[in-house]
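Throughout, numbering of the chain's residues begins at 1 and tracks the sequence. Only heavy atoms go into these numbers, but all of them, side chains included; no hydrogens, no water, no symmetry mates.
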Amino acid sequence: MSVEKFLKQRAVKITVDGSYMLPNWYDAQGRLRSFACRTTRVSPFRMIVDVPVVGKVGDRLTSYFEEFGKFEGRITETMSGSFLYELEMTHAMREKFADKLTWIEKKQKDPSIRDARNSPRFIPAAPHAMLTLADGSMQSCFIIDMSLSGAAVSSAAQPPLGTPLAIGACVGRVVRHLPSGFAIKFVETYKQNDLLRLIARKTKELQTVSAAADTVA
């Protein structure tokens, strides 16, 4: 099925964080790489997923989502920074998943059961950004979540700990590796509006990345 047809079908607009593995993407130890991802639209048959590495039509995936569990399936259409994921499951599994989506949809419409907790970490509306390394090379990335002082991202690149870089125009350094990406600590703490504006910048060159990042603990 095409994305155009899927958008005309009934589905739940829901943001759920997860991870996925593409065929033939390995880390330095020869293990399959795991990348972060996030759903934007879900039905019992397929979903649109925002991702850092899109893959190819026909690629078979293994994925895991916090609220849904483990899925297997294949890519049926690709877009810029996302793909349409066809889910493969038994009839019983699909019925159970449909019931869960119905419950989630009802929960979304009922403010009384929403989590009102204020978390220091948040997810930007636009999850894709650009990484700039100290040598000027650039790499697209997917933002898992962020705070005013750092971000967790996933990308095709996996920089070593201590690597100076910038995400958008926010300078920092890689401080931790995650199961599906890595964490960046910024040189300074930003106000949220400034942070979102700077993250969105896709600079061609940041000459001061390395020098500025030297001040990061």
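Put simply, the side chain of Arg38 gets close to the backbone of Ile143: a donor and an acceptor are under 3.5 Å apart. Here the side chain of Asp59 pairs a donor or acceptor atom with the backbone of Lys56 at under 3.5 angstrom.
Among pairs with a residue in residues 124-136, none fulfils salt bridge (charged side-chain N to carboxylate O under 4.0 Å, His left out), at least two apart in sequence or across chains.
In this structure the side chain of Met89 never reaches within 4.5 angstrom of the side chain of Lys96, judged on heavy atoms. A 4.5 Å side-chain heavy-atom check between His177 and Leu161 finds at least one atom pair inside the cut-off. Taking the side chain as every heavy atom from C-beta outward, Leu22 and Leu61 approach each other to under 4.5 Å. Ile48 has its side chain out of reach of Tyr85: every pair of non-hydrogen atoms, C-beta onward, lies at least 4.5 Å apart. Residues Arg33 and Tyr26 fail the side-chain proximity criterion, which asks for heavy atoms closer than 4.5 Å. With a 4.5 Å cut-off on side-chain heavy atoms, Leu148 and Gln192 count as touching.
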Please list, one pair per line, the donor and acceptor atoms closer than 3.5 Å that link side chains of residues 4-14 to other protein atoms, with sequence neighbours excluded.
residue : atom : partner : partner atom : Å
Gln9    : OE1  : Arg46   : NH1          : 3.3
Arg10   : NH2  : Glu105  : OE1          : 2.8

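Criterion: ILVMFWY side-chain heavy atoms under 4.5 Å apart, direct or through other members. Under it, Phe142 and Tyr20 are not part of a common hydrophobic cluster.
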Checklist entry - Checking ring-ring contact (aromatic ring centres under 6.0 Å, His included) for the pair Phe71/Phe97: CA distance, chi angles, key distance, verdict? => result CA-CA 11 Å; Phe71 289 134; Phe97 187 38; 5.0 Å; yes

